[in-house]
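Worksheet: one structure, shown below.
Computed from heavy atoms alone, side chains included, the values below leave out hydrogens, waters and symmetry copies. Each chain gets a letter, A, B and so on, in the order the sequences are listed, and its residues count up from 1.
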There are 2 protein chains.
Amino acid sequence: MKRSLEHIQYTDDTETLARFAKALGHPTRITILQYLEKQSCCFTGDLVDVLPFSQSTISQHLKELKNAGLIQGEVNPPKIKYCIHQENWKIAKRLFKSFFE
Amino acid sequence: MKRSLEHIQYTDDTETLARFAKALGHPTRITILQYLEKQSCCFTGDLVDVLPFSQSTISQHLKELKNAGLIQGEVNPPKIKYCIHQENWKIAKRLFKSFFE
DNA sequence: AAAATCTATCGTATATTTGCGATAAACAAT
DNA sequence: ATTGTTTATCGCAAATATACGATAGATTTT
């Protein structure tokens with residue numbers, strides 16, 4: 001991909017909002033987050049049981065949600081407990097709200 | 001890409017929310033929408049002047065926003081006037097709001 | 001020590017996204 | 001009729017996303 005200018009500078013809020021939105025841009029990830037909102041927390045395996053995708057695919061979606069900052073995982077051997085990242089969740093909520101006015 | 005099951009059925013709201021989120025998942029498109037929120041409407045050329053991308057690239061982003069239902073274009077020869085799609089905008093606002101509770 | 005459980009990561013294949021320049025299409029003005 | 005203006009679309013290239021099976025790593029249980 002070629003870019004005409006080195007790096008366009010959007011505002012930080014714009015970048016952040018786009019990053020959150022991108023992470024939400026897949027029905028599986030929306031579903032995972034809705035599940036987490038209800039359950040408060042869950043293990044990867046719970047989602048594998050619920051969603052019709054392979055373990056590796058679910059794991060990848062979780063990774064993306066984690067990279068976007070929307071969830072966090074605590075090691076709880078041999079499992080990993082995933083929860084919503086409350087702090088960033090609030091930021092996302094605020095950014096979307098103010099975006100839509 | 002292989003899919004293990006023919007078609008997963010998410011709820012309509014989940015599908016719709018993901019579709020909106022995906023369209024919002026790029027800083028340029030966020031910027032375009034913020035511009036439209038302020039200006040209420042604009043022409044493609046206005047955005048080409050403001051954003052550091054080629055006319056064809058801007059046009060493509062507008063197409064995606066239109067496909068997602070977030071904006072609409074009225075022909076106003078030889079220009080095209082783009083506005084926020086108020087009805088769908090309200091739906092998006094509601095879906096995001098209830099998603100974040 | 002061996003087996004079982006759980007999850008991340010690697011490698012691979014395919015689809016989609018993002019960007020550009022060039023061109024086409026639609027209309028207005030000359 | 002020709003020219004200019006505006007925008008969409010085509011064709012291309014590179015990057016990213018999505019899915020899978022196989023495997024590796026960590027820890028518990030036996």
Side-chain angles (χ1 to χ4, degrees), chain A residues 1-8 10 14-15 18-32 35-36 41-68 70-83, chain B residues 1-8 10 14-15 18-32 35-36 41-68 70-83:
Chain A
M1 228 176 336
K2 302 161 237 163
R3 282 168 188 276
S4 55
L5 296 157
E6 314 82 75
H7 255 175
I8 300 89
Y10 303 102
T14 297
E15 293 267 19
R19 202 160 50 83
F20 285 142
K22 194 173 184 181
L24 297 180
H26 194 290
T28 297
R29 293 195 289 272
I30 294 280
T31 304
I32 289 173
Y35 190 86
L36 283 177
C41 282
C42 75
F43 302 109
T44 306
D46 300 342
L47 295 167
V48 176
D49 292 342
V50 167
L51 297 169
F53 293 101
S54 74
Q55 183 267 322
S56 62
T57 299
I58 303 288
S59 187
Q60 234 171 292
H61 281 303
L62 287 168
K63 189 182 176 184
E64 277 188 67
L65 288 171
K66 208 168 80 178
N67 286 345
L70 288 170
I71 65 174
Q72 58 191 338
E74 292 169 35
V75 180
N76 197 349
K79 299 187 175 187
I80 294 183
K81 194 171 69 174
Y82 281 106
C83 311
Chain B
M1 231 174 333
K2 303 161 235 163
R3 282 168 188 274
S4 55
L5 296 158
E6 314 83 75
H7 254 173
I8 301 88
Y10 303 102
T14 297
E15 293 268 19
R19 203 160 50 82
F20 285 141
K22 193 173 184 183
L24 296 179
H26 193 289
T28 298
R29 293 195 289 270
I30 294 281
T31 305
I32 289 173
Y35 190 85
L36 283 178
C41 283
C42 75
F43 301 108
T44 305
D46 299 344
L47 295 167
V48 175
D49 292 342
V50 167
L51 298 169
F53 292 101
S54 74
Q55 182 266 323
S56 63
T57 300
I58 303 288
S59 187
Q60 232 171 294
H61 281 304
L62 287 168
K63 188 182 175 183
E64 277 188 67
L65 289 171
K66 208 168 79 180
N67 286 345
L70 288 170
I71 65 173
Q72 57 192 338
E74 291 170 36
V75 180
N76 197 345
K79 300 186 174 186
I80 294 183
K81 195 171 69 175
Y82 281 106
C83 310

Show each protein N/O and nucleotides 2-4 of chain C N/O combination with a separation under 3.5 Å, one pair to a line.
none

What string of B, S and - do you get for nucleotides 4-10 of chain D 5' to 3' if you count protein non-hydrogen atoms under 4.0 Å? --SBBB-
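Comparing atom distances between the A:Phe53 side chain and each of C:dT16, C:dC20, D:dC20 picks out D:dC20 as nearest. Among the nucleotides D:dC20, D:dA17, C:dT18, the one closest to any side-chain atom of B:His26 is C:dT18.
Counting all heavy atoms, side chain and backbone alike, B:Phe43 lies closest to B:Lys79 at CD2-CB, 3.5 Å. Between B:Tyr82 and B:Leu62 the shortest heavy-atom distance is CE1-CD1, 3.7 Å.
Ring planes of B:His26 and B:His61: tilted class, angle from 30 to 60°.
The distance from the CG atom of B:Leu65 to the OG1 atom of B:Thr28 is 10.0 Å, given to the nearest 0.5 Å. Remark: A:Glu15 CD to B:Thr31 OG1 distance equals 8.5 Å, nearest 0.5 Å. To the nearest 0.5 Å, atoms SG (A:Cys41) and CD1 (A:Ile71) are separated by 10.0 Å. To the nearest 0.5 Å, atom CD of residue A:Glu64 and atom OG of residue A:Ser59 are 11.0 Å apart.
Straight-line distance from the NE2 atom of A:His61 to the P atom of C:dT7: 17 Å, rounded to whole Å. Distance CZ (A:Arg29) to C1' (D:dA17): 8 Å, rounded to an integer number of Å. Following rounding to the nearest Å, A:Leu24 (CG) and D:dA17 (P) show an atom-to-atom distance of 14 Å. Rounded to whole Å, the distance from NZ on B:Lys22 to P on D:dA17 is 11 Å. Atom CD in A:Glu74 sits about 20 Å away from atom P in D:dA26, given to the nearest Å. We find that CD of B:Glu64 is positioned 16 Å from P of D:dT16, with the value rounded to whole Å. Regarding A:Ile58, its CD1 atom lies at a distance of 8 Å from the P atom of D:dC20, rounded to whole Å. With rounding to whole Å, A:Gln72 atom CD is found 14 Å from C:dA8 atom P.
Proximity of a side-chain donor or acceptor of A:Asp49 to a complementary backbone N or O of A:Asp46 within less than 3.5 Å is not detected.
B:Thr57 is not listed as a side-chain neighbour of B:Leu51, based on a closest heavy-atom distance of 4.5 Å or more.
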